[in-house]
Amino acid sequence: MVHAMDDVLILIVFAASMLVTYGLLVLADRIR
Amino acid sequence: MSANGYLQIGLYVAILLLAAKPLGSYMAHVYEGERTILTPVFGPVERIFYRLIGPRATDDQGWKAYAVSMLVFNAVGFLAVYGLERMQGGLPLNPQAFSGVAPDLAFNTAVSFATNTNWQAYVGETTMSYVTQMLGLAVQNFVSAATGMVVVVALIRGLRARSASGLGNFWVDMTRTTLYILLPLAVLLALLQVSQGVVQNFSAYVPANPLEGGSQLLPMGPAASQIAIKQLGTNGGGFFNVNSSHPFENATGLSNFGELLAILLISGALCYTFGKMVGDTRQGWAVLAAMTVIFVVLLGVAEISEQAGNPLLTQLGVDQVASETQTGGNMEGKEVRFGIANSALWATATTSASNGSVNSMHDSYTPIGGLVPLFLMQLGEVVFGGVGSGLYGMIIFVILAVFIAGLMVGRTPEYLGKKIGPFEMKMAVIAILAPPLAVLVGTAVSVMAEPSAAAIWNQGPHGFSEILYAFSSMGNNNGSAFAGYGANNVVTNVLGGVAMIVARYWVAIPTLAIAGALAVKQPVPPSLGTLPTHTPLFVALLIGTVIIVGALTFIPALALGPIVEQLLLNAGKTF
């Protein structure tokens with residue numbers, strides 16, 4: 001149960017990091 | 001250093017440069033979609049793969065589609081490795097019955113292998129099952145390396161394009177890179193390793209009785225196949241904890257030479273591929289020359305420093321002079337069978353490339369000897385660098401160098417006939433600043449946060465160097481460790497994972513954006529005001545740009561670590 005919660009937290013951190021990275025892609029496209 | 005040492009280093013550099021043209025030429029054929037000597041073998045496999053993914057999946061892509069494909073592919077790779085690590089306890093090929101890897105460590109490791117970093121906060125032989133090593137880590141060794149290579153190919157296509165919008169197709173490039181380049185080279189290197197005594201089996205660990213008494217468990221596993229691609233793909237993640245210091249991972253002088261050569265082989269040859277694909281091989285040679293000069297100079301610093309040894313030990317009567325019976329110098333943390341020459345050569349090669357494998361312990365190097373790998377990583381892994389990523393990082397520096405030259409003479413900068421505009425410069429600056437941001441913020445947070453600060457195993461400036469090295473490694477996708485730092489803590493695992501994502505994609509995405517922007521531009525013919533980018537003058541300008549940016553960014557941090565440590569050593573205090 002404790003580890004399942006940790007898994008969720010870790011996957012949120014990963015998803016957030018990739019989302020911010022995708023944001024860079026969108027930003028680059030906008031400022032062009 | 002002995003004549004033998006100089007000979008081995010000279011041979012290494014010579015073979016590396018001689019291999020650049022044939023291998024680079026072959027890779028250019030692969031990326032142009034031409035028939036190669038391996039087409040009869042891999043052609044049918046390639047066609048089956050394209051049929052499976054559908055006809056639209058092989059269409060020409062613009063930079064955004066190419067970048068999104070890369071992100072999606074790498075995210076799926078992360079999830080696969082994370083899942084394997086967490087569930088390995090219930091999966092086959094686990095003779096030592098290892099349980100699932102803890103979530104924060106599994107996150108760090110999965111990001112590490114998906115981003116071609118291969119930072120290892122775990123001990124391979126006591127943590128990972130064979131199925132995790134093979135299906136998770138070794139597969140990522142191939143595809144993360146291929147990812148770096150296809151990004152630079154997309155950039156090359158952008159540079160040579162004439163008012164086009166497409167950069168090729170990510171899935172086709174990945175398939176051809178893996179099948180035609182990485183797989184055959186990895187098979188050849190794995191066979192060489194096995195012939196030298198590197199293990200390749202599924203056996204349970206073997207008990208042994210050492211001469212000094214007690215008992216020992218000798219780790220086994222499918223090591224050779226993973227080691228080959230770990231070197232060729234500039235991954236660097238060891239099958240065993242001590243990486244290529246382990247006799248089962250690097251058995252002989254010949255296996256050492258083969259692994260060493262593999263570290264820089266593809267990155268060096270890609271420079272020629274670049275020149276050939278843009279129709280002017282002098283451009284590729286110029287970039288390779290800049291990389292080689294920086295590499296050789298810093299290699300000299302490391303070799304001299306390690307051969308000089310620790311002066312405090314000399315005062316205690318320790319003989320550190322090279323002779324017929326010993327290599328002399330600082331042999332702490334080094335294998336006697338490799339000596340000073342091959343250890344310092346490996347340390348320089350593995351950090352100039354974003355490889356990160358080791359055959360000696362960098363933590364035990366002299367302060368200046370340790371500064372060399374640290375600084376090479378901080379230069380942004382552009383001196384050879386990771387396969388593909390090193391070259392696109394260096395081309396970003398080329399763009400910065402022509403911009404600076406343009407400012408000096410008051411003309412619009414251009415490269416290979418393409419005008420460099422404000423958008424390209426904005427993207428280049430993001431790509432150059434993102435890794436230092438990850439390194440310096442990660443280091444600053446970690447020296448203040450309790451779990452990570454408590455994991456430093458050395459005092460004073462050497463202790464600071466431990467954390468600076470860790471984040472310089474993760475924040476530039478290198479993966480090597482100073483190894484005097486308990487990196488398996490929640491702060492370092494999570495912060496380091498994020499740093500690796502920033503270092504990889506915040507450089508790759510701006511690179512693809514530059515490729516997309518340049519692709520649509522019509523090339524302009526060279527004029528009197530065009531700066532030639534294949535001359536020794538430009539090579540010097542490029543070297544200066546790389547060194548100055550690296551020095552301005554990192555000298556304050558280095559002053560707190562290895563530089564002050566060297567000054568204290570001169571004053572009689574060692575750490």
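To find a chain, count down the sequence lines: A is the first, B the second, and so on, and within it residues start at 1. As the structure is a prediction and not an experimental result, all values here were calculated from the model.
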Taking only distance into account, with no hydrogens and no angle test, what donor-acceptor pairs under 3.5 Å do side-chain atoms of residues 25-32 of chain A form with protein atoms, sequence neighbours excluded?
| residue | atom | partner | partner atom | Å |
| --- | --- | --- | --- | --- |
| A:Asp29 | OD1 | B:Lys64 | NZ | 3.4 |
| A:Asp29 | OD2 | B:Lys64 | NZ | 3.0 |

Would you tabulate the side-chain donor-acceptor contacts of residues 100-108 of chain B under 3.5 Å, counting partners in other chains and residues two or more places apart, or write 'none'?
| residue | atom | partner | partner atom | Å |
| --- | --- | --- | --- | --- |
| B:Asp104 | OD2 | B:Asn493 | ND2 | 2.8 |
| B:Asn108 | ND2 | B:Asn493 | O | 2.9 |

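Looking at A:Leu9, neither its backbone nor its side chain comes within 4.5 Å of chain B, counting heavy atoms on both sides. For B:Val494, the part lying near chain A is the side chain, with the backbone staying farther off; criterion is any non-hydrogen pair under 4.5 Å.
Salt bridge status for B:Arg157 with B:Asp173: present, with a side-chain N to carboxylate O gap under 4.0 Å. With salt bridges taken as basic N to acidic carboxylate O contacts below 4.0 Å, none links B:Lys521 and B:Glu414.
Residues B:Thr109 and B:Ser112 bring no donor and acceptor atom of their side chains to less than 3.5 Å of each other. A donor and an acceptor atom, one from each side chain of B:Ser473 and B:Trp119, are nowhere located under 3.5 Å apart. No donor-acceptor contact under 3.5 angstrom links the side chains of B:Asn477 and B:Glu381, judged on distance only.
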Might you work through the side-chain contact (heavy atoms from CB on, under 4.5 Å) test for A:Thr21 and B:Arg504, ending with a clear yes or no? CA-CA 10 Å; A:Thr21 302; B:Arg504 182 66 161 179; over 6 Å; no
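The contact list for residues 72-88 of chain B toward chain A, using heavy atoms and a distance under 4.5 Å, reads B:Ala75, B:Phe78, B:Leu79, B:Tyr82, B:Arg86 by residue number. Using a 4.5 Å cut-off between non-hydrogen atoms, the part of residues 508-517 of chain B that approaches chain A consists of B:Ile509, B:Pro510, B:Ala513, B:Gly516, B:Ala517.
Looking at B:Asn118, B:Asn116, B:Thr115, B:Thr117 one by one, the single match for side-chain hydrogen bond (donor to acceptor under 3.5 Å, both in side chains) with B:Ser144 turns out to be B:Asn116.
The main-chain N or O of B:Val491 is found under 3.5 Å from a side-chain atom of B:Asn489 such that the two form a donor-acceptor pair. A distance-only check finds a donor-acceptor pair linking the side chain of B:Ser69 to the backbone of B:Ala65 [under 3.5 Å].
With chain A as partner, the option from B:Phe423, B:Tyr505, B:Trp63 having the largest number of non-hydrogen pairs under 4.5 angstrom is B:Phe423.
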